[in-house]
2 protein chains.
Amino acid sequence: MSAVSTPEAKNEPSRREQLLTIAAQLFAEKGFRNTTVRDIADAAGILSGSLYHHFDSKESMVDEILSTFQEALFAQYDDILASDDNARSKLERAVRVSFEAIEEHGPEVAIYQNDADYLVTFERFGYLADRNTQSRQVWLTLLEEGVRTGALRPDLDVTLTYRFIRDTVWVAVRWYRPGGQHDHTEVADQYVRILLDGISS
Amino acid sequence: MSAVSTPEAKNEPSRREQLLTIAAQLFAEKGFRNTTVRDIADAAGILSGSLYHHFDSKESMVDEILSTFQEALFAQYDDILASDDNARSKLERAVRVSFEAIEEHGPEVAIYQNDADYLVTFERFGYLADRNTQSRQVWLTLLEEGVRTGALRPDLDVTLTYRFIRDTVWVAVRWYRPGGQHDHTEVADQYVRILLDGISS
DNA sequence: GTCTATACCCAGATAGAC
DNA sequence: GTCTATCTGGGTATAGAC
């Protein structure tokens, strides 16, 4: 009964966290709506009813998964915006942070990419729309600063560019696999190079 | 009873085609698995049982939608590969053809993007995996020709570049809306420009 | 070509025993 | 913290009347 024997004190994930990790993998693989509570319970080696001892619904599970992840991610963006690097460096850092998120939180990124449109239709997931707006602001700020300071082409359509960056960065979660041929820093390097300098000779 | 009075002879879509158009829109919006046959029937103004007079399953519907679309798309890629344009032009044309497909066959592209991973797990959709390989070949051929002829950077990682192009082009189906601020040719122009020359000044 | 009626399955969730 | 047992709703698909 000593505090030292609790999972947290031993730096082990709590049962709750274990279940969320399992659920996140399944949601990412099969989609939120196509993952059943029985799928999650099976993967955890328990019965579906037992899940409801830990969470009051499937929605609560995905909610906790996404909100926890986004809090950490946006803290990193805020750091970048607040830094006094030049525009090009900030843009590079933002790209790198995103690829790092894919490396370290692949399931969370995949769930957001695949299921946010659906989840946003429920009130409790309204924060996903807010985060979306916030993300747009981050990238637009960086791009506009780049144009203003002369680091980026003056004729750049920042809105369209924002979409291209956002899409290409996050959609990499579909093919990027940790431990594969390229690690996430290499992928980020290559992407930054294409984005800034293009592919032509 | 004269042939002239059939829908096809009047260039009107047959009932079957009408139903496929309705289904494609719903599949694209909500995903294949999350669209019910009742959704489709409701949108068509009939009851779900009546759909089975036209199609023997929901799978048959999406099968017909995807295979028809892909046949037309890959015929265009074949044209490009067979042409004697230079490497840069071919690459540009391939990008343009893809954005045009998003303009004219948005639902089909969206279904492929969202549901192909799931559908390929069934034998009858094995052709989707073949088309995927074929598409990869098209882009790799174009990129390798570009590097070989000196149009593209000699140090280019063509595999990674292929993924970036594929992802960014097709994921545009998530935000591109016909009749919006930019038409598909403008989007293609901007994308080609970023891809080839980058965004830096 | 559409409707009525229905079979059958599997989803999310709950109550209470252990 | 997990299990047993079960409710309720909604999914695909079918048979046969109109």
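Just so you know, these numbers come straight off a predicted model, no measurement behind them. In what follows, chains carry the letters A, B, and so on, assigned in the order in which the sequence lines appear, proteins first and then strands, with residues in each chain numbered from 1.
- Using a 4.5 Å cut-off on side-chain heavy atoms (C-beta onward), A/Asn114 and A/Phe32 make no contact.
- Among residues at least two apart or in separate chains, salt bridge (charged side-chain N to carboxylate O under 4.0 Å, His left out) pairs with a member in residues 163-191 of chain B are B/Arg96-B/Asp189.
- Of the residues in residues 32-44 of chain A, those placing a heavy atom less than 4.0 Å from an atom of DNA chain C are A/Thr35, A/Thr36, A/Val37, A/Arg38, in numerical order.
- Evaluation of the side-chain contact (heavy atoms from CB on, under 4.5 Å) rule for B/Glu103 yields B/Tyr176, B/Pro178, B/His184 as partners, not counting sequence neighbours.
- Non-hydrogen atoms lying under 4.0 Å from DNA chain D are contributed by nothing in residues 117-126 of chain A.
- Every residue meeting the side-chain contact (heavy atoms from CB on, under 4.5 Å) condition with B/Lys90, not counting sequence neighbours, appears here in chain and number order: B/Ile80, B/Ser83, B/Asp85, B/Leu142, B/Glu145.
- Residues passing the ring pair (Phe, Tyr, Trp, His ring centres under 6.0 Å) test with A/Tyr127, sequence neighbours excluded: none.
- For B/Gln137, there are no side chain to side chain donor-acceptor pair (under 3.5 Å) partners at least two apart in sequence or on another chain.
- Residues forming a side-chain contact (heavy atoms from CB on, under 4.5 Å) with A/Asn86 (at least two apart in sequence, or on another chain): A/Arg88, A/Ser89.
- Applying the ring pair (Phe, Tyr, Trp, His ring centres under 6.0 Å) test to pairs two or more places apart or on separate chains, those with a residue in residues 77-101 of chain B are B/Phe74-B/Tyr77, B/Phe99-B/Tyr191.
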Hey, what are the protein-to-nucleotides 1-4 of chain C N/O distances that come in under 3.5 Å?
unit_1	atom_1	unit_2	atom_2	d
C/dG1	OP2	B/His53	NE2	2.9
C/dT2	OP1	B/Arg15	NE	3.1
C/dT2	OP1	B/Arg15	NH2	3.2
C/dT2	OP2	B/His54	NE2	3.0
C/dC3	OP2	B/Leu47	N	2.6
C/dC3	OP2	B/Ser50	OG	3.3

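- Each side-chain hydrogen bond (donor to acceptor under 3.5 Å, both in side chains) pair with one or both residues in residues 43-56 of chain B, not counting sequence neighbours, appears once here: B/Asp56-B/Ser60.
- Judged as a side-chain contact (heavy atoms from CB on, under 4.5 Å), and not counting sequence neighbours, the contacts of B/Thr68 are B/Glu64.
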